[in-house]
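First up is the structure itself, then whatever we jot down about it.
Here the structure is a predicted model, which is why all the values come from computation and not from measurement.
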Amino acid sequence: MATGARKMEMPGFREDVREVLDAMLADRSDVKRGAMFGLPGYFTGKKMFVCCVDNGIGLKLPVERVNELQQSDSEMLPHAPGGRVMKEWVYIARSDPNDLHGDLPLLEESIAFVSGSG
């Protein structure tokens, strides 16, 4: 490692959050489970639309939608893995992972956005 270079610390994830997403997305033929940067993710085609990170999920949506969600729900935060905010992603940390079932319409919205059909 170069002098003065910082090693980026990779975030972890909660297994119970992954289990909830597995159950929510199990019947979708257009969704495949995979990984990116060592974190569980879910893909439509070759594009990731949601990942498990820290205590919640990162979800890809249009910037305008991300901003709207962050203004209306205190559990919708900027998605900033490694400290860098990703503008087309929102971080959702529900106190109880089972509450993610209520976010299924957002996951469907994300699939449509990422696949280009939304």
Side-chain angles (χ1 to χ4, degrees):
M1 185 180 303
T3 305
R6 295 186 321 198
K7 182 179 176 186
M8 188 163 110
E9 196 170 312
M10 294 305 298
F13 68 95
R14 286 179 45 186
E15 185 65 35
D16 56 348
V17 170
R18 183 172 74 175
E19 290 169 0
V20 168
L21 285 180
D22 281 350
M24 290 172 65
L25 300 168
D27 294 334
R28 302 249 352 192
S29 62
D30 58 341
V31 170
K32 302 292 181 224
R33 188 171 135 186
M36 188 174 283
F37 304 114
L39 298 171
Y42 300 80
F43 297 76
T44 184
K46 294 183 179 183
K47 296 180 181 179
M48 180 187 283
F49 68 93
V50 66
C51 66
C52 299
V53 60
D54 294 328
N55 290 315
I57 63 172
L59 185 65
K60 187 173 177 105
L61 292 165
V63 173
E64 302 80 26
R65 184 70 167 125
V66 168
N67 293 336
E68 176 186 312
L69 290 168
Q70 289 175 350
Q71 291 174 8
S72 65
D73 187 330
S74 64
E75 291 185 308
M76 304 268 181
L77 303 169
H79 182 58
R84 182 177 154 257
V85 174
M86 300 176 75
K87 293 179 183 177
E88 284 191 328
W89 289 78
V90 64
Y91 176 72
I92 305 171
R94 300 292 183 206
S95 302
D96 178 348
N98 288 306
D99 291 344
L100 288 168
H101 286 280
D103 295 315
L104 184 58
L106 288 177
L107 271 74
E108 292 171 350
E109 191 177 329
S110 179
I111 292 167
F113 172 63
V114 170
S115 68
S117 64

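At distances below 3.5 Å, at least one donor-acceptor pair connects side-chain atoms of Asp73 with backbone N or O atoms of Glu75. Judged by distance alone, the side chain of Gln70 and the main-chain N or O of Leu77 form a donor-acceptor pair under 3.5 Å. Side-chain N or O atoms of Ser110 include one that pairs as donor or acceptor with a backbone N or O of Lys60 at under 3.5 Å.
In this structure, the side chains of Asn55 and Val17 stay at 4.5 Å or more apart for every pair of heavy atoms. Between Met36 and Cys51, every side-chain heavy-atom pair lies at or beyond the 4.5 Å cut-off. For the pair Val66/Glu88, no side-chain contact is recorded, criterion being any heavy-atom separation below 4.5 Å from C-beta on. Using a 4.5 Å heavy-atom threshold, the side chains of Arg94 and Val20 count as separate.
Note that CG of Leu107 is 5.0 Å distant from CE of Met24, once rounded to the nearest 0.5 Å. Summarising the geometry, atom NZ belonging to Lys32 is positioned 15.5 Å from atom CE belonging to Met48; distances are rounded to the nearest 0.5 Å. For the atom pair NZ of Lys47 and CD1 of Ile111, the computed distance is 14.0 Å after rounding to the nearest 0.5 Å. Here CZ of Arg14 is found 12.0 Å from CD1 of Ile57. Values are rounded to the nearest 0.5 Å. Summarising the geometry, atom CG belonging to Asp22 is positioned 8.0 Å from atom CD belonging to Glu15; distances are rounded to the nearest 0.5 Å.
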Derivation of the side chain to side chain contact (heavy atoms under 4.5 Å, CB included) call for Leu25 and Phe49: CA-CA 12 Å; Leu25 300 168; Phe49 68 93; 4.0 Å; yes
Item checked: Full working for side chain to side chain contact (heavy atoms under 4.5 Å, CB included) between Leu106 and Arg65 -> CA-CA 10 Å; Leu106 288 177; Arg65 184 70 167 125; 3.4 Å; yes
Apply side chain to side chain contact (heavy atoms under 4.5 Å, CB included) to residues Tyr42 and Arg18 and explain how you reach the verdict. CA-CA 10 Å; Tyr42 300 80; Arg18 183 172 74 175; 3.3 Å; yes
* Stepwise, does the side chain to side chain contact (heavy atoms under 4.5 Å, CB included) test hold for Met76 with Ile92? -> CA-CA 5 Å; Met76 304 268 181; Ile92 305 171; 3.4 Å; yes
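Within a 6.0 Å radius of CG in Asp96, more than 12 heavy atoms belonging to other residues, nucleotides or ligands are found.
Listed here is the closest heavy atom pair of Ser115 and Ala112: OG-O, 3.3 Å. In this structure, Gly102 and Pro105 approach most closely via the heavy-atom pair O-CD, 3.6 Å. Between Leu21 and Cys52, the shortest heavy-atom contact is CD1-SG, 3.7 Å. Pairing each heavy atom of Asp16 with each of Pro97, the nearest pair is OD2-CG, 3.4 Å. Taking every heavy atom of both residues into account, Gly56 and Tyr91 meet most closely at N-OH, 3.2 Å.
Connection of Trp89 to Val85 is not established within any shared hydrophobic cluster, with ILVMFWY side chains joined at heavy-atom distances below 4.5 Å, either directly or through further cluster members. In this structure, Leu61 is not a member of the same hydrophobic cluster as Val63, with clusters built from ILVMFWY side-chain heavy atoms closer than 4.5 Å.
Ion pairing of Asp30 with Arg28 is present here, as a side-chain N (NZ or NE/NH1/NH2) and a carboxylate O approach within less than 4.0 Å.
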